[in-house]
There are 2 protein chains.
Amino acid sequence: MTPNKENFIKAIYELGGDDKIISNKELAQALSISAASVTEMNTRLLKEDLISHVPYRGVKLTPSGKCIANRLIRKHRIWEVFLAEKLGYDWNEVHADADLLEHASSDRLIERLNDFLDKPTFDPHGGVIPNKDGSLPETSKFPLTDIAIGEHFKVKEVDDDKDFLNYLRQKGIQLNHSYTLVAVDPFESSLTLRSADNSEKIIGQKAALKILVDYESPA
Amino acid sequence: MTPNKENFIKAIYELGGDDKIISNKELAQALSISAASVTEMNTRLLKEDLISHVPYRGVKLTPSGKCIANRLIRKHRIWEVFLAEKLGYDWNEVHADADLLEHASSDRLIERLNDFLDKPTFDPHGGVIPNKDGSLPETSKFPLTDIAIGEHFKVKEVDDDKDFLNYLRQKGIQLNHSYTLVAVDPFESSLTLRSADNSEKIIGQKAALKILVDYESPA
DNA sequence: TAGAATAAAAAGGATGGACTTAAAATGACA
DNA sequence: TGTCATTTTAAGTCCATCCTTTTTATTCTA
């Protein structure tokens, strides 16, 4: 596993390749290389069973590919915590150095660093730190009604009720999308959410109880 | 400057290439590569003016080569201090991880780490940490008579007197060699030194005053 | 001081990673 | 169903790293 391969895996992950197929073109643009180079790297990673491939559609990470991506992100984020918390880096400075260090860190080093930092849960950007084994920590899910005004969250689970799902679709609320709670009506208890595209959605209190969410970093 | 080149430079340095010529064969053995590969790397580093070359004798570091070696060693040793002091590494564990990290450390990172560690002077093995600019810290020199029993030191300077130099040669005391002070005679004040090859040398007190030494790590 | 032993340089490859361009194959969609 | 965007394949460049073998030079020693 070379730094290059690691970065390739990471790029797939960051484009969403843990659950959807990422096209050749997207990757080529993200990495600033030609599409042909992407194909070439794909064949290498395919051999190692780190990605799965749908011809002419693109690639996504296999379970072991996801594991590697998460372990790399774990290293990256633990370093970020160290740089920010112990070395006084500004939050916008941490990324570059963490990007170098993540490829030069033994497991032992990362675990000791993790202990030294008191096992942080989030990096300075609010990103969650994956587990040692490459899995993602159990993320708590709780009703949208428990969110405080101004907080950012992601929709994790919704009640499997046809009418309710239609209601959500009509409102434009989608699973795994992120929103910010901007207001709660004092009388009706209806919630005003702002989505990533800055549109505002008003949700009734009854619906809010059935939407499970989790905190998320603002980025 | 690739990690490979850096390690090559470091190997030369560690074999003593800062002041004497290191043969092709020595380097080949130290790096476990063929002598021809050493020659090849030599030509590359020669182009960059990092080493100087005496045909059929070997190579030594140029001033800029030494600078690079020292800066690398600075990185290495600062990391070692961090691993040992903050992460609880045992002194024999630090080397491997420091060897990886030294190649993935920006100058900014090293300087902040250095501050975080309160600007240490020695690494866990007792090795001195070079300055930021790649120079070696002014090492103090003082008479051998100031050394306490049991301490390790290196001979830094000796009086330029013919008889005295002959005396030293006869005793087997050499500049830049390391010794341990094992005993001081209570009556004569003569000093018993042990050299690296475990031979013992007895030095008169008058001579000891004219031998300037500095502390050194036991390794 | 003339070999013999040894070391270095030169020559010629081999490999693998990371890129590219150009042409052929494919899929999507109007 | 034909056009167009995208993907794949093919072919090849460049560079770093390593190798072995064959001179060539030096050094050691008898």
Contact list (N/O, under 3.5 angstrom) for nucleotides 9-11 of chain D vs protein:
none

Kindly give the atom pairs (protein nitrogen or oxygen, nucleotide nitrogen or oxygen) under 3.5 Å for nucleotides 25-30 of chain C.
residue : atom : partner : partner atom : Å
dT26(C) : O4'  : Y56(A)  : OH           : 3.3

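Residues passing the salt bridge (Lys or Arg N to Asp or Glu O under 4.0 Å) test with K201(A): none are found, sequence neighbours excluded. Here K60(A) pairs with I21(A), S52(A) under the side-chain contact (heavy atoms from CB on, under 4.5 Å) rule; sequence neighbours left out. Not counting sequence neighbours, the partners of E102(B) by the salt bridge (Lys or Arg N to Asp or Glu O under 4.0 Å) test are K10(B). Scored by the side-chain contact (heavy atoms from CB on, under 4.5 Å) test, E40(B) finds R44(B) as partners (sequence neighbours excluded). H53(A) pairs by the ring-ring contact (aromatic ring centres under 6.0 Å, His included) definition with nothing, not counting sequence neighbours. Taking the salt bridge (Lys or Arg N to Asp or Glu O under 4.0 Å) definition, one finds that D214(B) meets it with nothing, sequence neighbours left out. Not a single salt bridge (Lys or Arg N to Asp or Glu O under 4.0 Å) links D18(A) to another residue, sequence neighbours left out. Every residue meeting the side-chain contact (heavy atoms from CB on, under 4.5 Å) condition with N131(A), not counting sequence neighbours, appears here in chain and number order: D133(A), S135(A), P137(A).
Distance, L31(B) CG to dT17(D) C1': 13 Å, rounded to whole Å. The nearest whole Å value for the distance from the CG atom in L45(A) to the C1' atom in dG16(C) is 15 Å. The nearest whole Å value for the distance from the CE atom in M41(B) to the P atom in dC15(D) is 16 Å. The nearest whole Å value for the distance from the CD1 atom in I33(A) to the C1' atom in dT20(C) is 11 Å. Computed from coordinates, the M1(B) CE to dA16(D) C1' distance equals 14 Å when rounded to whole Å.
For dT20(C), the OP1/OP2 oxygens have a side-chain nitrogen or oxygen of S37(A) closer than 4.0 Å. The phosphate of dA9(C) has OP1 or OP2 within less than 4.0 Å of a side-chain N or O from H53(B).
Helix bend of the helix from dT1(C)-dA30(D) to dA30(C)-dT1(D): the angle between its two end axes, each built from five pairs, comes to 10° after rounding to 10°.
Under the 30°/60° scheme for interplanar angles, the aromatic rings of Y179(A) and F153(A) are found to be tilted. Using bins of under 30°, 30° to 60° and over 60° for the plane-to-plane angle, the ring pair F82(A)/W79(A) lands in the perpendicular bin.
Expressed to the nearest 0.5 Å, how far CZ of F8(B) lies from CD1 of I51(B) amounts to 6.5 Å.
Side-chain N/O atoms of S178(B) and E216(B) include a donor and acceptor closer than 3.5 Å.
Residues from residues 2-27 of chain A with heavy atoms under 4.0 angstrom of DNA chain D, sorted by number: S23(A), N24(A), K25(A).
Annotation: cation-pi pair R112(A)/Y89(B) present, NZ/CZ under 6.0 Å from the ring centroid and within 45° of its normal.
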